[in-house]
> 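One structure coming up, written as structure tokens, with questions to follow.
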2 protein chains.
Amino acid sequence: MLTTFGLRSAGKKILVQTPGRQVRFYSAPGDRAIPAAKQKYVPTEGTYPKGFLVGSAHAGVKASNTKYDDLALVISDRPCVAAALFTKNIFKAAPVQLSMQTLKERQSKGIEAVVVNSGCANAVTGALGLKNAARMAQEIDGLLSKEQSDASSSEEPSRTLVMSTGVIGQNLPIEKMINAFPKLHSSIGDTHQHWLNTAQAICTTDTFPKLISRTFTLPSHPETTYSIAGMTKGAGMIHPNMATLLGIICTDCSIDTESIRPLLRANNIRSFNSISIDGDTSTNDTVALLANGASTPNGVAPLVAPHVTSSDAALQDGLAFHAVLAEFMTDLAKLVVRDGEGATKFVRIRVRASGNIRKSQDVARSIACSSLVKTALYGKDANWGRILCAVGYAQDVMPGNPDTTTKVVVPERTSVSFVPTDGSAELKLLVRGEPQDVDEVRAKEILEMEDLDILVRLNDDPATPDPEAVYYTCDFSHEYVTINGDYRT
Amino acid sequence: MLTTFGLRSAGKKILVQTPGRQVRFYSAPGDRAIPAAKQKYVPTEGTYPKGFLVGSAHAGVKASNTKYDDLALVISDRPCVAAALFTKNIFKAAPVQLSMQTLKERQSKGIEAVVVNSGCANAVTGALGLKNAARMAQEIDGLLSKEQSDASSSEEPSRTLVMSTGVIGQNLPIEKMINAFPKLHSSIGDTHQHWLNTAQAICTTDTFPKLISRTFTLPSHPETTYSIAGMTKGAGMIHPNMATLLGIICTDCSIDTESIRPLLRANNIRSFNSISIDGDTSTNDTVALLANGASTPNGVAPLVAPHVTSSDAALQDGLAFHAVLAEFMTDLAKLVVRDGEGATKFVRIRVRASGNIRKSQDVARSIACSSLVKTALYGKDANWGRILCAVGYAQDVMPGNPDTTTKVVVPERTSVSFVPTDGSAELKLLVRGEPQDVDEVRAKEILEMEDLDILVRLNDDPATPDPEAVYYTCDFSHEYVTINGDYRT
């Protein structure tokens, strides 16, 4: 029962084998066989929003990639209202800087395409990087104009958002990419397979494409069925601070230009901003929402965010869409954690009853980011002392908590449990500061499961209201170290 | 060239073998053979402060430990002026709570002993934990009183500081320990071997005992030679926020009771508070400084901190001692990083020219704590984009930086270099925001060395003053995961 790790050797890919797990190659894009355990997360069919066409092509952004698609394109047959959230990292990648500017100049409307490349992040690439990102947008604009007879002026802002993901600090092989753009543009279509191929093309060390599609209705006109679909990617450098690596969400309802960004922001907090794989906030994080209104019946006004309307019908529709988007974005974000580099576990950290949801969130994040908690989970070791340790330093080391006079963590009020995800009884580890006589056999059983909930009650008292902060994370394995010890080659 | 990892099997210790490295057992205290590469850090002789006696004994705090010393005792033949810094973790271990109270009641004087156990942290152990910690102090007090004919009243505060290190959330086997105290007390002596044995007894997953001793003089009476000696331990859960796991520093000069704590605090910032192994701030961090005055000639006043004196002679002495303590504490703290769990590298992060040393320190800490930087270092991969990434998120995610209006990180002004520790030329990776055409062969050569300096210039401009923040860290290896996936058994 030995685990073997292939050591790096110049120019070769790493191969890792662990018992019962699939092989993962670490040079993106790599082997495209989806691990058996992950196949259930890959949809075999879907219902996609009207008016959106998607496709992918191979350019060889990374020289070692000789056959897998590494360009992706999402276009809408009519202009979209759009918003995007970007990384807060100071070193914003060139495509991030460009797309921020495009959305600003476009005032959240008139977006018709998103072009993505994997294999190179075009981050920390100076002036040339910005020029290359702009070139990508221009070329796609040109292809859109050729397609549409009403070619727009080249003076107006671009209609294309750009995203890149891969190694930081290397320049794009821009000519090779541009040469592949016509092929990319002609690959587009609206079938499930088109969407799946596109979701695959944006992947790097991901082991499976991350794609979700759903339908929904709105209370004011329940006879109309809308669709929402989205893809995301990311497996390492995941600790979003606005958004995760890349996410593209498309819907065929129409959304008001003033409301689309607040809607995206509000739902991002508990989805993409509530996941962590390794605590590193990337330079390229971008999640975009595009709404083209293709399914909105004539005469139906665009959706508005619930907080900006005084009309009851609009409020009900806004709330309904808010709920759809909340669940959709959370499910999409969870797929990223499910595919965390080297991850063998999917762990939900639930923190209750601090009286302050943001402080609860800080505590949850502290647990989710602790290397010691994550290695113990990997080892299936019920080392709950490490969970407590991370709770205990959360307030002093986490951001936004300079105020130590209003401490929400008090040892004598704190309880910690493992909650099995098979519905069996919760296992109490600490109750109001007193360690419990833990049944180690039961703890081991719970830790054998892939999914686990860790529940922390900061004030374990039935009288305290129980709003719950949730953070999603994975464990920290040998494989993570292998992957990241040699990512660039 | 394959690395093999033994998987856990119930009740057995883990064995890890990597090419060219020694075997490390993960159940403390374990095999005491010091790895060949670490032997140079273990002194073969020393000059120790007068009046201090140290010793160690075996109690079997951890049931699996049948022979190695896990109790340590430091006593002074006269009362000491003392100060200690403790973890900021909310879940302060019982010995931390007790020692804080003792020092407060004693008003920083009258301390005669420090008793330490390894194998169990006595942390998050509720009321029983506090009782057990107090029992340890009382028993040592009793042994001190028996030795001294002037037995002090049992009503007065304890003269003994208590420290514990090991697993969190388990109770001490207190009777077994107390039974071994007479043997512990009779083991004390003042030879180099006594000090080395004592430094070894406080270890857990450490691979070598960490002990330094030095002599110094003071300007006002240069004919007197003083000694300072200290021991420390720690290899995981190291991201001190006041002090590292355990540190005990003894000197035979005399220090003013009002000054000892400021002196310790000031020097802690750039020593124990400037190291990180895994970003986890322990529940038990304690570093204590004891000064017994045994070498201070009659008529020489106790040392005072430089900021509290108006006498020139006292100022010169204070500055001299401050400098001695600064270097001593930094060297002691560096030994902890040198023995980081699974570490193969010793990395100094130097951040210059932010115009604000605390902000530079935040940036250095962010790099030092990045899992992706640390795994790249392990893989000897010159993936400098990850260093930039960590610089870029430092201001937003690190504590103490809510003010985003005064950003110290500006991409266009930032430069990053590897500085080889063999004195050869610096390798520039990024210069004022522009990536350099890096000689990968040279980068590889530099990364083959065990020691590495990463130099970040936040404002790469000769006109900017260059005070440098320094942070010490190590890499992140497979072995770290192995160690921490199964620490408790």
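These figures come from a predicted structure and were not determined experimentally. Every chain is numbered from 1, with letters handed out A, B, ... down the list of sequences.
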> Is there a side-chain contact between B:Val124 and A:Trp384 in this structure, where contact means two heavy atoms from C-beta onward sitting under 4.5 Å apart?
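SC-SC contact between B:Val124 and A:Trp384 confirmed.
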
> Taking C-beta and beyond as the side chain, do B:Leu372 and A:Tyr480 meet within less than 4.5 Å on heavy atoms?
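Yes, side chains in contact.
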
> Among A:Val391, A:Leu388, A:Val409, find the one that has a side-chain contact (heavy atoms from CB on, under 4.5 Å) with B:Ile90.
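Exactly one option meets the side-chain contact (heavy atoms from CB on, under 4.5 Å) with B:Ile90, and it is A:Val409.
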
> Please classify the contact of A:Leu429 with chain B as side chain, backbone, both or neither, using a heavy-atom distance under 4.5 Å.
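Answer is neither: A:Leu429 stays 4.5 Å or more from chain B.
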
> Side chain, backbone, both or neither: which part of B:Ala127 has a heavy atom under 4.5 Å from chain A?
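Both backbone and side chain of B:Ala127 come within 4.5 Å of chain A.
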
> Using the test side chain to side chain donor-acceptor pair (under 3.5 Å), find all partners of B:Asp475 that sit at least two apart in sequence or belong to another chain.
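Scan of B:Asp475 (side chain to side chain donor-acceptor pair (under 3.5 Å), adjacent residues dropped) gives B:Thr344.
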
> Rounded at 0.5 Å granularity, tell me how far NE2 in B:His478 sits from OG1 in A:Thr482.
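Result: 2.5 Å between the selected atoms.
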
> Which residues pass the side chain to side chain contact (heavy atoms under 4.5 Å, CB included) test with B:Leu447, sequence neighbours left out?
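If we apply the side chain to side chain contact (heavy atoms under 4.5 Å, CB included) test to B:Leu447, skipping adjacent residues, the hits are B:Leu377, B:Lys380, B:Ala382, B:Phe418, B:Leu452.
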
> Rounded to the nearest 0.5 Å, what separation is found between the OG atom of A:Ser371 and the NZ atom of B:Lys374?
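It is 8.0 Å, given to the nearest 0.5 Å.
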
> Return the minimal non-hydrogen interatomic distance between A:Gly126 and B:Pro435, and the atom names on each side.
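For A:Gly126 versus B:Pro435, the nearest heavy atoms are N-CD, 4.2 Å.
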
> Which heavy atom in A:Thr375 sits nearest to a heavy atom in B:Val481, and how many Å separate them?
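Nearest pair, atom of A:Thr375 first, then B:Val481: CG2-CA, 4.0 Å.
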
